[in-house]
Amino acid sequence: MHDETLLDRIVGIVGPNGVVREADKSAYESDWRGAYNGVARFVVRPANTAEVSQVVTLCSEAGIAIVPQGGNTGLCGGAVPDDSASQIVLSLTRMNRVRAVDPDNDTITVEAGVILKHLQDLAEEAGRFFPLSLGAEGSCTIGGNLATNAGGTAVLRYGNMRELTLGIEAVLPDGTVWHGLRALRKDNTGYDLKQLFIGAEGTLGVITAAVLRMFPRPKSIATAWVALSETSAAIRLIRRIQSLCGDRLTGFELMSAQSVEFVTRHLPGCKNPLEHAAPWYALIELSDTQTEARLGDLLEEGLAGAFDAGDVQDAVVANSETQVEALWALREGISEAQNHEGPSLKHDISIAVSQIPAFIEKADARLNALLPKVRLVTYGHVGDGNLHYNVSKPVDVTAEAFKEHASAITDAIYEVTASFDGSISAEHGIGIAKREAAKRHKDPIELGIMRALKNTLDPKGLMNPGKML
Ligand code: FAD
Ligand code: MLT
Ligand code: ZN
């Protein structure tokens with residue numbers, strides 16, 4: 001179909017405001033880091049599910065590939081078109097309505113383009129709590145969170161997006177609308193089909209809305225910043241605090257000294273609150289629905305025990321909301337700060353929590369042998385076994401020379417991950433970044449089942465082709 005005819009037909013469906021002007025397209029054609037760049041034939045922004053369905057039907061009939069996109073904060077290149085100028089970017093950002101709030105069922109039904117932060121605020125207005133929390137929450141969308149099965153900093157207590165979702169509405173690759181917006185916690189009428197679309201990275205259809213779980217609002221919070229001499233101390237500390245506080249331990253983040261040093265160097269106002277530098281830091285958060293939960297006392301008790309046992313070198317417990325925010329800024333700023341240090345390689349791996357110290361020791365040794373003075377920016381949601389084992393170039397190595405080492409570095413990290421029976425993607429997904437590695441590291445039987453599902457639902461291969469599979 002000629003460009004003009006196609007554009008006329010798309011405008012006939014979504015109206016002139018539903019197509020992004022040529023001059024404004026570039027924001028939709030590159031990812032957050034500028035690591036993946038493509039060229040879209042058109043960027044289309046439908047306003048409701050019926051429009052999504054009609055655009056997808058048109059594309060299916062004309063054999064045009066679609067790249068669904070939300071806030072475009074994904075870290076694996078999954079939302080970016082290829083450079084053929086033949087794919088349409090389907091941005092869901094205009095679909096940002098709330099369909100229903102049901103505090104008695106503890107659910108909220110929203111469209112895919114709702115920004116995560118907005119959803120958190122909506123839940124708060126309803127006197128409830130939506131726990132998904134991550135550094136990009138001011139820009140990422142619920143559709144993107146679902147399509148990547150996002151995790152973040154509260155998975156330890158509440159689980160990831162799979163566990164927060166009860167129902168889904170999706171447009172299938174032929175344009176059919178699947179109305180799966182059930183608000184049920186129990187439904188054993190066959191396969192759990194919503195789970196197919198969660199984590200599918202837009203390869204099986206376009207998610208247009210979802211029913212999400214809400215929770216009681218935490219009324220008290222205690223947050224601590226802790227210096228540790230070794231990673232095994234962090235694992236012992238998680239278990240010590242959990243023994244004391246149970247599931248009131250909401251978050252446990254680990255950060256290497258290098259990660260924190262990048263943040264304090266590059267992000268204005270960010271300062272390590274402890275006087276002496278340590279090899280590792282942990283950010284611990286407890287929360288409770290009671291106002292008088294004495295969380296600060298509990299945290300102090302746990303930290304004092306860990307100090308006596310030699311696991312904790314020093315610690316500060318936040319005594320104001322401002323201090324809590326300052327501690328989280330140190331943690332959430334790592335991604336951005338790392339961008340200031342030149343090219344980096346991201347690895348979002350998952351292993352058994354107990355194996356984390358051994359993993360770090362083995363991986364560090366491999367990388368230091370591969371590229372001396374390489375800067376290892378190791379941090380992450382260690383409470384649930386998710387490490388961001390990110391790698392920045394050595395100071396005295398050029399970006400080009402570092403690029404030549406990139407695949408050897410990533411291969412080495414994934415080999416070490418495999419030696420611990422881990423996963424090469426904990427929460428960011430596969431996208432383009434890990435597609436080839438997934439072929440090597442994912443069980444061939446599982447890959448075969450995934451391809452069979454893809455061929456069944458999308459026989460023309462038009463839904464986000466080249467991503468994940
Ligand atoms: P996009 O980037 O637009 O898309 C991501 C994928 O989902 C693409 O494959 C796209 O095709 C598909 N997609 C998007 N919308 C739809 C839809 N409606 N239907 C079908 N497919 C769709 N992630 C975490 O899990 N945990 C973190 O802690 C975390 N921290 C981050 C911190 C920073 C600073 C940044 C920049 C990113 C972080 N991320 C994190 C990654 C990213 O924010 C998440 O992957 C997020 O879920 C992506 O949402 P999005 O709306 O931006 O999706
Ligand atoms: C984070 O937790 O900060 C992100 O998921 C990690 C990253 O940006 O690599
Ligand atoms: Zn993360």
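Start at 1 and go down the list; that is how both ligands and their atoms are numbered.
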Kindly confirm whether the Zn ion (ligand 3) is within less than 2.8 Å of some N/O/S atom in H428?
no
Between V89, L75, V80, flag the one that comes closest to atom 39 (N) of ligand 1 by a heavy atom.
L75
One finds that the ligand 2 atoms under 4.0 Å from a non-hydrogen atom of H381 are 2 (O)
Could you tell me if the side chain of I356 sits less than 4.5 Å from the side chain of I360, heavy atoms only?
yes
Within the 4.0 Å heavy-atom shell around L92, which atoms of ligand 1 are there?
18 (N)
Could you tell me whether some N/O pair between T153 and ligand 1 is separated by less than 3.5 angstrom?
no
Any donor-acceptor pair under 3.5 Å linking the side chain of R213 with the backbone of E163?
yes
Distance only, no hydrogens: is a donor on one side chain within 3.5 Å (strictly under) of an acceptor on the other, for E137 and S133?
yes
Backbone or side-chain N or O of A136 under 3.5 Å from ligand 1 N or O
no
Output yes when E201 and K467 qualify as a salt bridge under the 4.0 Å nitrogen-oxygen rule, no when they do not.
no
Any N or O on S139 sitting closer than 3.5 Å to an N or O of ligand 1?
no
Among A210, A426, G152, A209, which residue places a heavy atom closest to atom 28 (O) of ligand 1?
G152
Got a salt bridge between R331 and E253, using NZ or NE/NH1/NH2 to carboxylate O under 4.0 Å?
yes
Please determine whether any non-hydrogen atom of V67 lies less than 4.0 Å from an atom of ligand 1.
no
Can we call the ring centroids of Y28 and F42 under 6.0 Å apart?
no
Should E332 be listed as contacting ligand 1, given a heavy-atom distance under 4.0 Å as the test?
no
Taking the six-membered ring for Trp, are Y158 and F215 ring centroids under 6.0 Å apart?
yes
Using a heavy-atom cut-off of under 4.0 Å, does the side chain or the backbone of A112 touch ligand 1, or both, or neither?
side chain
Ligand 1 versus H381, non-hydrogen atoms closer than 4.0 Å: side chain, backbone, both, neither?
side chain
Ring-ring centroid check Y414 H347, cutoff 6.0 Å
yes
Donor-acceptor check, side chain of S53 to backbone of T49, threshold 3.5 angstrom: yes or no?
no
Side-chain contact test, heavy atoms from C-beta onward, threshold under 4.5 Å: evaluate it for I349 versus N386 and give yes or no.
no
Which of the listed options, S335, G135, G151, holds the heavy atom that is closest to atom 8 (O) of ligand 2?
S335
Below 3.5 angstrom, do we get any N/O pair linking G74 and ligand 1?
yes
Please could you name the atoms of ligand 1 that G205 approaches to less than 4.0 Å, counting only its heavy atoms?
20 (C)
K194/D192 salt bridge by N-O under 4.0 Å criterion:
yes
Side chain or backbone of I207 under 4.0 Å from ligand 1, or both, or neither, by non-hydrogen atoms?
both
Do you know the tightest heavy-atom contact between K434 and C76?
NZ-SG, 3.7 Å
With the threshold set at under 4.0 angstrom, would you say N390 reaches ligand 2 through any of its heavy atoms?
yes
Main-chain N/O of M463 paired to K454 side chain as donor or acceptor, under 3.5 Å:
yes
Among non-hydrogen protein atoms, atom 45 (O) of ligand 1 lies closest to T148 OG1, 3.4 Å
Looking only at distances, please establish whether an N/O atom of ligand 2 is found under 3.5 Å from an N/O atom of Y379.
yes
Give a yes or no on whether E427 keeps an N, O or S atom under 2.8 Å from the Zn ion (ligand 3).
yes
N368 side chain to D364 main-chain N or O, any donor-acceptor pair under 3.5 Å?
yes
Quick check on the 6.0 Å ring-centre criterion: do Y389 and F359 meet it?
yes
Q69 versus ligand 1: do any nitrogen or oxygen atoms come within less than 3.5 Å of each other?
no
Can you pull out the closest protein heavy atom to atom 43 (O) of ligand 1? Residue, atom name and distance to 0.1 Å, please.
T73 OG1, 2.7 Å
Counting heavy atoms only, name the option from A147, S425, A154 that's nearest to atom 12 (C) of ligand 1.
A147
Quick one: does L134 get an N or O within less than 3.5 Å of an N or O on ligand 1?
no
Short list, please: which atoms of ligand 2 are under 4.0 Å from a heavy atom of H388?
1 (C), 2 (O), 4 (C), 5 (O), 6 (C)
Which residue owns the protein heavy atom closest to atom 10 (C) of ligand 1, what's the atom, and how far is it?
P68 O, 3.1 Å
If we number the atoms of ligand 1 from 1 as shown, the ones under 4.0 Å from a heavy atom of N464 are 9 (O), 11 (O)
In terms of its nearest heavy atom to atom 46 (C) of ligand 1, the top option of V52, T141, N145 is N145
Identify whether the distance between the nearest side-chain nitrogen and carboxylate oxygen of R265 and E341 falls below 4.0 Å.
yes
Report the part of H428 (side chain from C-beta onward, or backbone N, CA, C, O) that has a heavy atom under 4.0 Å from ligand 1; answer both or neither where that applies.
side chain
Under 4.0 Å, heavy-atom basis, I'd like to know which part of D348 is in contact with ligand 2: side chain, backbone, both or neither.
neither
Would you compute the distance between atom CG of L457 and atom CG of L196 and round it to the nearest 0.5 angstrom?
7.0 Å
In terms of atom number and element, which parts of ligand 1 are under 4.0 angstrom from non-hydrogen atoms of A150?
25 (O), 47 (O)
Given 3.5 Å as the limit, does a donor-acceptor pair link the side chain of N37 with the main chain of S30, or not?
no
How far is atom 9 (O) of ligand 2 from the closest protein heavy atom, and which atom is that?
K346 NZ, 2.8 Å
Any sub-3.5 Å donor-acceptor pair from E111's side-chain atoms to R97's backbone N or O?
yes
N72-ligand 1 polar pair, N/O distance under 3.5 Å
yes
Please answer whether the main-chain N or O of M161 pairs with a side-chain N or O of T165 as donor and acceptor at a distance below 3.5 Å.
yes
Under a 4.0 Å N-O cut-off, is there an ion pair linking R128 with E124?
no
Contact (N/O only, under 3.5 Å) between S133 and ligand 1
no
Should D411 and R440 count as an ion pair when the cut-off is N to O under 4.0 Å?
yes
Look at ligand 1 and say whether G431 reaches it with a heavy atom at a distance under 4.0 Å.
no
When you look for heavy atoms under 4.0 Å from ligand 2, do you find them on the side chain of R331, its backbone, both, or neither?
side chain
How close does the nearest protein non-hydrogen atom get to atom 5 (O) of ligand 2, and which residue and atom is it?
H428 NE2, 2.7 Å
Is a donor on one side and an acceptor on the other found under 3.5 Å between the side chain of K393 and the backbone of V374?
no
Nearest non-hydrogen protein atom, atom 53 (O) of ligand 1
G144 CA, 3.4 Å
If you count the atoms of ligand 1 from 1 in the order shown, which ones are under 4.0 Å from a heavy atom of G202?
20 (C), 21 (N)
Atom indices of ligand 1, in the order listed, that fall short of 4.0 Å to a heavy atom of G151
24 (C), 25 (O)
Could you list the atoms of ligand 2 found under 4.0 angstrom from a heavy atom of L75?
7 (C), 8 (O)
